[in-house]
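Letters A, B, ... are given to chains in the order of the sequence lines, protein chains preceding strands, and every chain is numbered from 1.
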Number of protein chains: 2
Amino acid sequence: MLMTSCILSFVSDESERETTPDRTDSAGDRAPRRRRNPQASRAAILEAARAVFAERGYARATIREIASRAGVTHGLVMRHFGSKEQLLISALPGTQHIPELAAGDPATLPQRIAASFVEQIESSGDHALIALIRSAAAGDEAPMRLYHALERSAAESYRQIFSGPDADVYVDLLASLLIGVTFSRYVAPTGRLAEISAEELIAYLTAAIAALLAPVLPKH
Amino acid sequence: MLMTSCILSFVSDESERETTPDRTDSAGDRAPRRRRNPQASRAAILEAARAVFAERGYARATIREIASRAGVTHGLVMRHFGSKEQLLISALPGTQHIPELAAGDPATLPQRIAASFVEQIESSGDHALIALIRSAAAGDEAPMRLYHALERSAAESYRQIFSGPDADVYVDLLASLLIGVTFSRYVAPTGRLAEISAEELIAYLTAAIAALLAPVLPKH
DNA sequence: GGTTGTAGTGACCAAGTGGTCAATTAGACG
DNA sequence: CGTCTAATTGACCACTTGGTCACTACAACC
């Protein structure tokens, strides 16, 4: 169920600094060669990969476009990551511990879930969930495995917050709602959900989550 | 919002009969040529297209595989439909009038929405919504346009069932839930939602929809 | 300053794609 | 039965893709 970006926080892999200048690539006496800086290259490639995977999904994302955005050649991408699949695995985040949403007042739990979700995904840099949904939807092996791994680990943690025999199902229903909202607002922007402000979205989502989870919410 | 398969009923295009025998294609003295039957060919191609688009999504679906499943050559597919995009448009359903869900007892409206949704998508032949979600998620132009067109027309109709100033948003939230459930159960089968029976799913969905829509449900 | 490991390049490849088209031939019509 | 139309084929094309590799030249180290 993934619990969407509530649980997606980057392990933040590489140093992510952007020392290197963009390459012209079209200019041309032979070699306007990029300054050597393997770490910066890796970071630039990963950042570009996240963006491109989010925009195009796994199948339509091309190594050449990722390389071009990172200001390197596609040969270098292959050198650093070996394959497109490995690049995806490196670019997308691993599961992190579930934020201690359960800690606060149970009455405000829905509000905190909604806010955490919207804020994380709204923060510009975080295209991970969108990329994952896009890519998993395409049906390729690699993203599908990634998706399932994240889902399993996230579900595991979330299941402990709620009680009752049906807890699993309600966790999945909540996840479905969040995935659907992500789809309607970011993947295929559509309807009112794509138009309203983040604050409004949080408000509506809070109400929806509260209603949805009522049967399994911890009693206050 | 699409309201998922509640509103997706095929205009049922072609005659869909399956007179023609499968081709061996590998056997070989020149021409084990298919019996001429353009309507049957079109129908077979469309059926194959629906299945392949649902399994692979637009980007990864290939005309050759569709042709092969339909028992024809990919040249014939091109002849009949002109382009891959046109094939998609022809294969996927147009919006139909919203079934008269609003007619019955308002108290059972959530139950009818849930049942209508699950039954339609569970009926084996109907891969339309899955294909559409897969393809739109991939971000290709053609399926995205199709998706938006369907969404707009469906939202229009559904909006009239509910009342209140926030009706649009709640319609979209419901759609998001259904899209998310479709995703979790069919596109990237995951968690309990992918395991439980159709009857159980309907039961849980009914509860979820009732809770979700409570603020805008017609008073009984 | 020379040596050297390797980051970075760009030409190359095989496979697969959507799309085109001339040639075949099944079937309808006289 | 002969004629003609068009459904169907399969060879073909240009292009893109992921992946390989021999080569270049930057920068660190002695």
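- Within the structure, every side-chain polar atom (N or O) of A:T62 is placed at least 4.0 Å from both OP1 and OP2 of D:dT16.
- Atom CG of B:L87 is separated from atom P of C:dG18 by 10 Å (rounded to the nearest Å).
- With sequence neighbours excluded, no residue satisfies salt bridge (Lys or Arg N to Asp or Glu O under 4.0 Å) with B:R79.
- Of the candidate nucleotides C:dC12, C:dG18, D:dA7, C:dC12 has the atom lying nearest to any side-chain atom of A:H74.
- Qualifying salt bridge (Lys or Arg N to Asp or Glu O under 4.0 Å) partners for B:E199, counting only residues two or more places apart in sequence or in other chains: none.
- A:T206 meets the side chain to side chain contact (heavy atoms under 4.5 Å, CB included) test with A:P110, A:Q111, A:A114, A:I202; sequence neighbours excluded.
- Here the side chain of A:M78 is nearest to one of D:dC12, D:dG19, C:dG8, namely D:dG19.
- Atom-to-atom, CD1 of A:I63 to C1' of C:dT9 comes out at 16 Å; the value is rounded to the nearest Å.
- In this view, A:A203 satisfies the side chain to side chain contact (heavy atoms under 4.5 Å, CB included) rule with no residue, not counting sequence neighbours.
- The interatomic distance linking A:N37 (CG) with C:dG5 (P) rounds to 21 Å, in whole Å.
- Note: CD (B:Q39) to C1' (D:dA6) measures 13 Å, nearest angstrom.
- Within 4.0 Å of A:A67, counting heavy atoms only, lies no atom of the nucleic acid at all.
- Considering only residues two or more places apart in sequence or on other chains, A:R64 meets the side chain to side chain contact (heavy atoms under 4.5 Å, CB included) condition with A:T62, A:H74.
- Spacing between atom CZ of A:R64 and atom P of C:dT9 amounts to 14 Å, rounded to whole angstrom units.
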- request: Mind running side-chain hydrogen bond (donor to acceptor under 3.5 Å, both in side chains) on B:T190 and B:S184 for me, showing each step along the way?
  value: CA-CA 5 Å; B:T190 248; B:S184 297; over 6 Å; no

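- For A:E195, the side chain to side chain contact (heavy atoms under 4.5 Å, CB included) criterion is met by A:R192, not counting sequence neighbours.
- Among residue pairs with one or both ends in residues 171-198 of chain A, those qualifying as ring pair (Phe, Tyr, Trp, His ring centres under 6.0 Å) are A:F183-B:Y147; sequence neighbours excluded.
- Residues from residues 53-60 of chain B lying near DNA chain D, meaning a heavy-atom separation below 4.0 Å, are absent.
- Near-neighbour residues of DNA chain C inside residues 79-86 of chain A, defined by a heavy atom below 4.0 Å, number-ordered: A:R79, A:H80.
- The closest side-chain donor-acceptor pair between B:H80 and B:S41, if any, does not fall under 3.5 angstrom.
- Atom pair B:R42:CZ and D:dT8:P shows a separation of 11 Å (rounding to whole Å applied).
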